[in-house]
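All values reported here derive from a predicted model rather than from experimental measurement. Sequence lines set the chain letters: A, B, ... in the order given, protein chains first and strands last, and positions in each chain run from 1.
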Amino acid sequence: MPVNNKTGEFANYREVRNNGSLLEAVLKGITFPLLLIVFWELSARAGLVNALFLPAPSKIYLTLLDMLQDGLLEKHLFASMVRLTYGFFITVVIAVPLGILVGKARNFRFWVNPTLSFLQQIPPIAWIPIFMLWLGIEEASKIAVIVYAAFFPVFLNTVQGVTSVDPKLIEVGRAYMLTPLQMIKKVYIPSASMSIFVGLRLGLSNCWRALVGAELLAASTGIGYLIIEGRQLLQPDKIFVAVLTIGVAGLFIDICLKRLENKLMPWKKVYQSGEKR
Amino acid sequence: MSRMIVEVNHVDKTFHSDWGRVEALRDIAFGCSKSEFISILGPSGCGKTTLLRIIAGLEDPDSGEVIFQGKVIRGPGLERAVVFQEPRLFPWLSVKENISFGLSGKKSKNEIDKIVEETLDLVGLTAFLKAYPYELSGGMAQRVAIARAFAFEPEALLLDEPFSALDAQTRLRLQEELLDIWRKTEKTIILVTHDIEEAIILSQRIFIMSPSPGTVKEILDVPLPYPRDRESPEFIRLRKYIFDRILIKT
């Protein structure tokens, strides 16, 4: 076979993308928060703001160290994470298979879409009182809120992913005699995986918000509870530690998922930019 | 003409759309014997792809039937492998997985490894076993698609303008490789193409189709020995003849 330029033809896109620009991105992204913190600290030291309402960053930092030392922050963060894990797991188990089913059985959509669109309008937190009435004040009601919050993005993105599978690839599956089950496993799910992952990321971030909301309303542990406690004890530094932890944890979770996504789908970047073959 | 592997018996096909009805195929009838290499040649829109899709079982004829190895075709089958105009590889699978796609469960792991190795060797891509489709050039991807078709060990290979999306050099090279593979494996090959030279270079018989309604206008034997010389007077005469036949609206 006359193939002499094998390595030349083998364009490795994985190496081409982002070479060394990560540092640059981090620097750019961190500039604004740093400036803000410096400005904040200076105004606090100059006595421009009442420390009771807005404690200085240095004070918040010291409180953070204290809370880490007591294990207080870890304890509450862990409690929240456990709920998040349960809730998210349950969501995935329900929403992904349901999404695949609805996406494949095209007519089924007409039966469920109006109901879902209606339910989607209701913020998860609005359900907390009724969930508490039904499921009690313990873990179950909080997990129910999380499931509700994450369900829609995961479900809708799964449906979207399954309905937009390239019909040409489905035809390949037909030509090579896949059974309906193989078709779902080998064509529909991988093809929809990108969209499903978008749903998972959105869902997880929704989970996180809803969870903190639920903990604010009724809980004896968790990051949300920490905020309430800080208010009741008039410890704004504690509130700030909790609020900032929410942001950092949310960011961390999203980065982990993104990493996982890139690892599971190395072909994703190029596929998305329209180079599909 | 008794040992026919494919028999097309009076196949008709009409498409209905919002813009009206298109008679894609009218009363198509021909046969193709085992290990034969035939081309279905015609301008775009003459129904040649539809005809191939009917033979592949991806589409049903309105009337008439296609008989393959003595049995009427009802849907796709592994004995008839299709290579489409585009490679249609699964972007989430490596070259190896794309080729063995559909074999898993039907064959043992060792057998699959052997088949993948053999077919990749056939198309000259052994080094790219673990590559993903986005890392391949168009020509390489199409070769993988051909390897995938061979992996099923089909009786017949149905090619739907497989080289039309490639650049001229790659196309020539792949035509050569296809001839090579055909002589090695002795599979029956039905090639759909609009490229007159491609049809003459490759096939033993050429079915010239004309559009609206799609019919087989002429069946032409190509008596030239392989490998064929594009510069030879017979080749040029044949090309001119076919060119004229396609242009004349009779």
Side-chain angles (χ1 to χ4, degrees), chain A residues 1-17 161-162 164-197 261-277, chain B residues 53 56-58 75-94 97-98 101-106 121-128 131-145 148-149 151-152 154 158 165 169-170 172-174 176-177 180:
Chain A
M1 306 279 139
V3 189
N4 37 31
N5 58 339
K6 270 184 178 163
T7 39
E9 272 190 78
F10 191 77
N12 196 337
Y13 291 94
R14 266 180 284 195
E15 274 173 28
V16 174
R17 70 163 193 248
V162 170
S164 56
V165 174
D166 188 350
K168 289 182 171 173
L169 292 183
I170 297 174
E171 203 170 74
V172 174
R174 271 183 67 209
Y176 292 115
M177 303 290 284
L178 294 193
T179 62
L181 213 67
Q182 282 177 318
M183 197 75 138
I184 289 180
K185 214 177 98 190
K186 293 191 163 182
V187 181
Y188 280 94
I189 291 181
S191 196
S193 59
M194 234 151 44
S195 186
I196 293 175
F197 238 92
E261 188 180 7
N262 286 340
K263 197 157 181 183
L264 288 178
M265 297 175 249
W267 42 270
K268 188 195 101 180
K269 278 216 155 108
V270 185
Y271 190 60
Q272 267 177 335
S273 62
E275 291 237 349
K276 52 177 137 171
R277 289 186 173 129
Chain B
R53 289 172 59 85
L58 292 169
L78 291 181
E79 71 286 350
R80 288 163 280 135
V82 192
V83 176
F84 298 96
Q85 222 163 7
E86 328 81 22
R88 299 200 188 180
L89 302 178
F90 294 100
W92 52 86
L93 298 179
S94 68
E97 291 160 337
N98 259 297
F101 153 87
L103 288 179
S104 51
K106 297 188 182 90
D121 190 44
L122 212 55
V123 296
L125 283 178
T126 325
F128 298 95
Y132 281 87
Y134 71 85
E135 295 169 312
L136 305 175
S137 68
M140 293 160 82
Q142 195 57 281
R143 278 197 216 129
V144 175
R148 175 173 66 186
F152 286 91
L158 310 176
Q169 288 110 303
T170 313
L172 292 186
R173 207 164 66 199
L174 282 190
E176 244 170 67
E177 288 176 18
D180 225 42

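A search for ring pair (Phe, Tyr, Trp, His ring centres under 6.0 Å) contacts involving A:F197 returns nothing, not counting sequence neighbours. Residues satisfying the ring pair (Phe, Tyr, Trp, His ring centres under 6.0 Å) test with B:F152, not counting sequence neighbours, are A:Y176.
With a 4.5 Å cut-off on side-chain heavy atoms, A:S191 and B:W92 count as touching. Side-chain contact between B:P91 and A:L169 is present, with heavy atoms from C-beta onward closer than 4.5 Å.
Both the backbone and the side chain of B:A149 come within contact range of chain A, judged by heavy atoms closer than 4.5 Å.
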Legend entry - side chain to side chain contact (heavy atoms under 4.5 Å, CB included) between A:V172 and B:R148, worked out: CA-CA 11 Å; A:V172 174; B:R148 175 173 66 186; 3.7 Å; yes
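Using a 4.0 Å cut-off between a side-chain N of Lys or Arg and a carboxylate O of Asp or Glu, B:R53 and A:E171 qualify as a salt bridge.
Judged by distance alone, the side chain of B:R88 and the main-chain N or O of A:K168 form a donor-acceptor pair under 3.5 Å.
Here the closest non-hydrogen pair linking B:F84 and A:A175 is CZ-CB, 4.5 Å.
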